[in-house]
J.: 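Please read through the structure below; I'll follow up with questions.
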There are 2 protein chains.
Amino acid sequence: MKIGELAKATGTKVETIRYYEASGLLPPPARTQANYRDYELSHLERLMFIRRSRDLGFTLKSVRELLTLADDDDESCDAVDEVASAHLLAVEQKIADLTALRDQLSLLLQCSGDGTVGDCRIISSLASTNLANIRNQSSHIRETGNQ
Amino acid sequence: MKIGELAKATGTKVETIRYYEASGLLPPPARTQANYRDYELSHLERLMFIRRSRDLGFTLKSVRELLTLADDDDESCDAVDEVASAHLLAVEQKIADLTALRDQLSLLLQCSGDGTVGDCRIISSLASTNLANIRNQSSHIRETGNQ
DNA sequence: GCTTGACCCTATAGTTACTACAGGGTGCAT
DNA sequence: ATGCACCCTGTAGTAACTATAGGGTCAAGC
């Protein structure tokens, strides 16, 4: 199986496959006489594992760990569980961070009017007030119906 | 005002300030005889603007746009609004993506048992099933009370 | 037999937003 | 005079690719 075929089969770019090989995630395959990479089914399976893990947001470092754990049948499942749990926690933290950020952005945007930058509240919020002040501004806006 | 003082005043690292200057976000300040950077109040204000924008998740590219818009008093506030709205949309999309991802990760983790990797469901889910199958596995698990 | 196009190869640089040296100079206090 | 904290430039490293340059290979069609 040539690299282009493997790429198509797994939905990965050719360069990415070579990158995974260089990073030690995918073992170097045999080569044809023309020095083309010649992949086996095992490579396809391993690459699918990598892709699925990446789709779930695991870093390559974590994928490496998961692969190492998966390679050793005697390894406890707990270690796998730990990697995945840590990742889930990180994702949840990220969601919380982004949600707080979204709320602040929403407040910022409620300040938007139709004037010029000279009295643009978004700009002045970014320029001189701290973020807590935006709330006061926006409630003022709501009171005056300017929305 | 020396760079270290500006750094402390804004909660920015010295290297980051120099990086902003090199990136054209912060104008080069005057220099002392010793070739030290000598900042004015205007630099502090501009840097605070950059920091607040970055805290809200704007890319440096967007910050550059916002600064350009803010510099021109005649510019319409609409342009500012557009930049901020686009960012808000991107943040909301990211939250949605991460939420879907979190749900899939949760499903994956519900599969975790206490065996060895040989029959570790997390590994096998990553290895061979597509993600839709995890749901079936997990509902099966829920049925058997294994959670 | 020769060309054309699709594919393959290596090696290197670019992306984002910093961070971290290495190797050197400055200013002030002891 | 010497130590220390601070400043300078320039370069390399981070994550996970992506893109380019400059070249080789293979099968099909004329």
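A note on names: the letters A, B, ... follow the listed sequences, proteins ahead of strands, and every chain is numbered from 1.
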J.: Quick check for you: to the nearest 0.5 Å, what is the distance between B:L47 atom CG and B:E45 atom CD?
T.: 11.0 Å
J.: Which distance, rounded to the nearest 0.5 Å, do you find between the OG1 of B:T12 and the CZ of B:R54?
T.: 11.0 Å
J.: I want to check one thing: is the phosphate of D:dA16, taken as OP1 and OP2, less than 4.0 Å away from some side-chain N or O of A:K61?
T.: no
J.: The test is salt bridge (Lys or Arg N to Asp or Glu O under 4.0 Å); show your working for B:R46 and B:D71 and say whether it passes.
T.: CA-CA 10 Å; B:R46 200 174 179 88; B:D71 283 346; 3.3 Å; yes
J.: Begin from the C-alpha positions of B:R18 and B:I3 and carry the test side-chain contact (heavy atoms from CB on, under 4.5 Å) through to its verdict.
T.: CA-CA 9 Å; B:R18 287 197 279 249; B:I3 197 169; 3.6 Å; yes
J.: Nearest-Å distance, CZ (B:R51) to P (C:dA17)?
T.: 14 Å
J.: Roughly how far, to the nearest 0.5 Å, is the CG atom of A:L101 from the CD1 atom of B:I95?
T.: 8.0 Å
J.: CD/B:Q104 to CG/B:L109 distance, rounded to the nearest 0.5 angstrom?
T.: 12.5 Å
J.: What heavy-atom pair brings A:V63 and A:F58 nearest, and what distance separates the two atoms?
T.: CG2-CB, 4.0 Å
J.: Quick check: is A:M1 connected to A:M48 through a chain of hydrophobic side chains (ILVMFWY, heavy atoms under 4.5 Å apart)?
T.: yes
J.: Let me confirm one number: the CG-CG distance from B:L108 to A:L56, rounded to the nearest 0.5 Å.
T.: 6.5 Å
J.: Which residues in residues 16-40 of chain A have a heavy atom closer than 4.0 Å to any atom of DNA chain C?
T.: A:R18, A:R31, A:N35, A:Y36, A:R37
J.: Just the table, please: protein N/O against nucleotides 11-13 of chain D N/O, every pair under 3.5 Å.
T.:
none

J.: What is the distance, rounded to the nearest whole Å, between atom CG of A:L60 and atom C1' of D:dT14?
T.: 13 Å
J.: By a strict heavy-atom criterion of less than 4.0 Å, which residues belonging to residues 1-9 of chain B are in contact with DNA chain C?
T.: none
J.: Which value, rounded to the nearest 0.5 Å, describes the distance between A:F49 atom CZ and A:L66 atom CG?
T.: 5.0 Å
